[in-house]
Amino acid sequence: MSERHWYLISYDVREDKRRTTAAKLILGHGERIQYSLFKAQMTRRAIAELQWELEVVLDDEDDLLIVHLCPSCAGRVDDRQSQAGWESDSRGFDIF
């Protein structure tokens with residue numbers, strides 16, 4: 001099983017329909033922190049697939065930022081709004 005890492009995902013999408021589609025794609029993998037800022041714990045392959053899906057939806061005028069957080073960095077995130085922490089998921093498998 002591939003190791004899961006924390007990612008910060010942010011976008012600046014200028015058109016409502018594309019913005020809604022992008023948000024739904026990201027929410028399928030992560031949690032909204034602020035309006036256009038999300039956190040997600042995913043494998044490297046899963047984040048690459050999500051990035052590809054977003055690139056298909058987004059236009060040249062839109063912006064997308066994906067930041068990989070190392071375990072040490074993720075452990076130092078101060079997120080007072082989120083109930084779920086940034087600690088590593090110790091599961092060795094996914095439950096479907």
Side-chain angles (χ1 to χ4, degrees):
M1 177 62 63
S2 297
E3 186 177 353
R4 295 162 50 105
H5 303 272
W6 280 109
Y7 295 89
L8 284 176
I9 306 167
S10 180
Y11 60 71
D12 184 10
V13 181
R14 280 117 177 121
E15 195 266 324
D16 289 340
K17 185 176 178 182
R18 290 193 314 268
R19 186 180 317 111
T20 300
T21 302
K24 286 180 181 179
L25 283 171
I26 299 168
L27 282 171
H29 299 279
E31 175 186 346
R32 179 175 263 143
I33 297 174
Q34 295 179 353
Y35 186 72
S36 62
L37 182 65
F38 301 80
K39 72 176 186 178
Q41 191 174 31
M42 304 171 69
T43 64
R44 291 182 191 269
R45 179 181 177 135
I47 196 71
E49 290 172 359
L50 176 60
Q51 184 173 2
W52 182 85
E53 291 172 353
L54 289 167
E55 292 294 341
V56 169
V57 170
L58 300 180
D59 199 8
D60 289 340
E61 67 180 358
D62 300 327
D63 297 313
L64 175 65
L65 176 68
I66 299 175
V67 179
H68 171 253
L69 296 176
C70 70
S72 177
C73 296
R76 292 191 308 262
V77 170
D78 183 17
D79 180 5
R80 70 184 196 108
Q81 298 297 325
S82 177
Q83 298 300 318
W86 290 76
E87 56 277 340
S88 292
D89 186 355
S90 61
R91 295 178 305 169
F93 56 91
D94 289 325
I95 300 173
F96 294 95

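Throughout, numbering of the chain's residues begins at 1 and tracks the sequence.
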Just do the side-chain contact (heavy atoms from CB on, under 4.5 Å) check on Ile9 and Leu64 with the steps written out, would you?
CA-CA 7 Å; Ile9 306 167; Leu64 175 65; 4.1 Å; yes
So do the side chains of Arg19 and Asp16 get within less than 4.5 Å of each other, counting heavy atoms only?
yes
Supply the atom-to-atom distance Arg44 CZ to Ile47 CD1, rounded to the nearest 0.5 angstrom.
10.5 Å
Can you tell me how far the CG atom of Leu8 sits from the CZ atom of Phe38, to the nearest 0.5 Å?
11.5 Å
With Glu49, which residues qualify under side chain to side chain donor-acceptor pair (under 3.5 Å), at least two apart?
Arg45
In Å, rounded to the nearest 0.5 Å, how long is the span from CD1 of Ile66 to CD1 of Ile26?
7.5 Å
Is the backbone of Tyr35 close enough, under 3.5 Å, to the side chain of Arg32 for a donor and an acceptor to pair up by distance?
yes
Tell me if a side-chain donor or acceptor on Ser10 pairs with a main-chain N or O of Leu37 at a distance below 3.5 Å.
no
Angle between ring planes, His5 versus His68, binned at 30° and 60°: parallel, tilted or perpendicular?
perpendicular
Might you point out which heavy atoms bring Leu58 and Ala22 nearest each other, and give the distance in Å?
CD2-CB, 4.2 Å
Listed once per pair and sorted, the salt bridge (Lys or Arg N to Asp or Glu O under 4.0 Å) pairs that draw on residues 61-70, sequence neighbours left out:
Arg14-Asp63, Arg18-Glu61, Arg18-Asp62
Non-hydrogen atoms of Gly30 and Ala40 that approach each other most closely
CA-CB, 3.8 Å
Give, for atom OH of Tyr7 and atom OG1 of Thr43, the distance between the pair rounded to the nearest 0.5 Å.
7.5 Å
Mind checking the CD-CD spacing from Glu3 to Gln41? Nearest 0.5 Å is all I need.
9.5 Å
